[in-house]
Amino acid sequence: MGRYNLAPQRVQSHATALLSAGRLATPPPWYPILSQIPPSAILSRPALQRSQRPGSKPGKKSRLFKPLRLNYEEDRLRWEYFNDHPWELAKPRVVLEDEGRDGEKYDWSVPLDHSLRRPKMGSLSEEGIELDQEWDRTAESQAGRPINGEAVVQRTNYLLKHSSGHTHSTASAQALSEFARLRHYQETTLRVAREEAQSTGAFFGAGPNEVGMKLEDVQYEKWRKWAREQVEALRQLQGSAYTGNEAETLESAAEVREGLQEVAGSVPGSKRGQEARGGAAVHA
């Protein structure tokens, strides 16, 4: 088939020529069919043509199956907050939930410092609702809501979406002020309680930071001991690499210097020196 032109349109004519010349003893099974129904399309595979569009690169991977990047408004608010308050990430957090959907029960329309805003007993609103009882019901329903850096992010996002008079800066400032007021109250309460307990004779053990520093000091001392042993072993290895020839050479050089010092006084300080008259010769 290498020297024959087997284009689909000329297959039947070539088969006829081979039969006439006696190259084929019997016609192929497809010969009568091809005589009645000639091929109307090119059966050979065309060469692949690369795309000539500007900017197209050969071998560039398709993005058809690449997942899309999901962006949420909370991500930007979260990055801004923790970038300005990085130590908030060092505080321990409780990630345990009751049913896995606790976040849907949190009402972020309630201020973060709601626990510090309890109205006076018996105060009424314009509609005649007792505000103290309403406050108790809200506090009971939102008792499990954690107040941390993530709460600031969710509170800011709620103010941006549901308050028309808030901009990004004002919403963030309001959420931060509520969070700072509550955090200041909690830290003050703990400090006062500790001082009161100590004034009555109570004592407290080492905190987590002090325990961590002690454990770090122990490991550091172990490392210093190990490093000192390694340095001593390296020095001994370097000292044992020298042979005894160097020591003998140093001893002979010291003896020559001592001999020169003994006869240095009998040699005049001239270029010609003094002629040797018996005794041991002196080599400069």
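Numbering starts at 1 and runs along the sequence shown.
Applying the ring-ring contact (aromatic ring centres under 6.0 Å, His included) rule to pairs touching residues 147-182 yields Tyr158-His162, sequence neighbours excluded.
Two residues are said to be in side-chain contact when any heavy atoms from C-beta on lie closer than 4.5 Å; Leu182 and Ser115 meet this criterion. Side-chain contact check for Glu134 versus Glu130: every heavy-atom pair is 4.5 Å or farther apart. Contact annotation: the side chain of Glu88 never approaches that of Val152 to less than 4.5 Å [non-hydrogen atoms, C-beta and beyond]. With contacts defined as side-chain heavy-atom distances shorter than 4.5 Å, the pair Asp113/Tyr185 does not qualify.
With no hydrogens or angles considered, no side-chain donor-acceptor pair links Ser172 and Tyr81 at under 3.5 Å. A donor atom on one side chain and an acceptor atom on the other are found under 3.5 Å apart for Gln154 and Glu150.
With a 6.0 Å radius and a threshold of 12 heavy atoms from other residues, nucleotides or ligands, Arg137 has its CZ atom above the threshold. Residue Glu221 qualifies as enclosed at atom CD: its count of foreign heavy atoms under 6.0 Å is above 12.
Minimum heavy-atom separation, Leu70 to Asp75: O-OD2, 4.4 Å. The two residues Ala175 and Leu112 come nearest to each other via the heavy atoms O-CD1, 3.7 Å. When all heavy atoms are compared, the tightest approach of Asp132 to Gly122 is OD2-N, 3.4 Å.
With sequence neighbours left out, the side chain to side chain donor-acceptor pair (under 3.5 Å) criterion links Ser177 to no other residue.
Rounded to the nearest 0.5 angstrom, His114 NE2 and Thr138 OG1 are separated by 4.5 Å.
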Next item on the list: Using the side-chain hydrogen bond (donor to acceptor under 3.5 Å, both in side chains) rule, take Glu73 and Asn157 through it: C-alpha gap first, then chi angles, then the decisive distance, then the call.
Entry: CA-CA 8 Å; Glu73 181 65 22; Asn157 186 46; over 6 Å; no
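Arg145 and Asp107 are not joined by a salt bridge, as no carboxylate oxygen comes within less than 4.0 angstrom of a charged side-chain nitrogen.
The aromatic rings of Tyr220 and Trp223 sit parallel, their planes meeting at an angle under 30°, below the 60° perpendicular limit.
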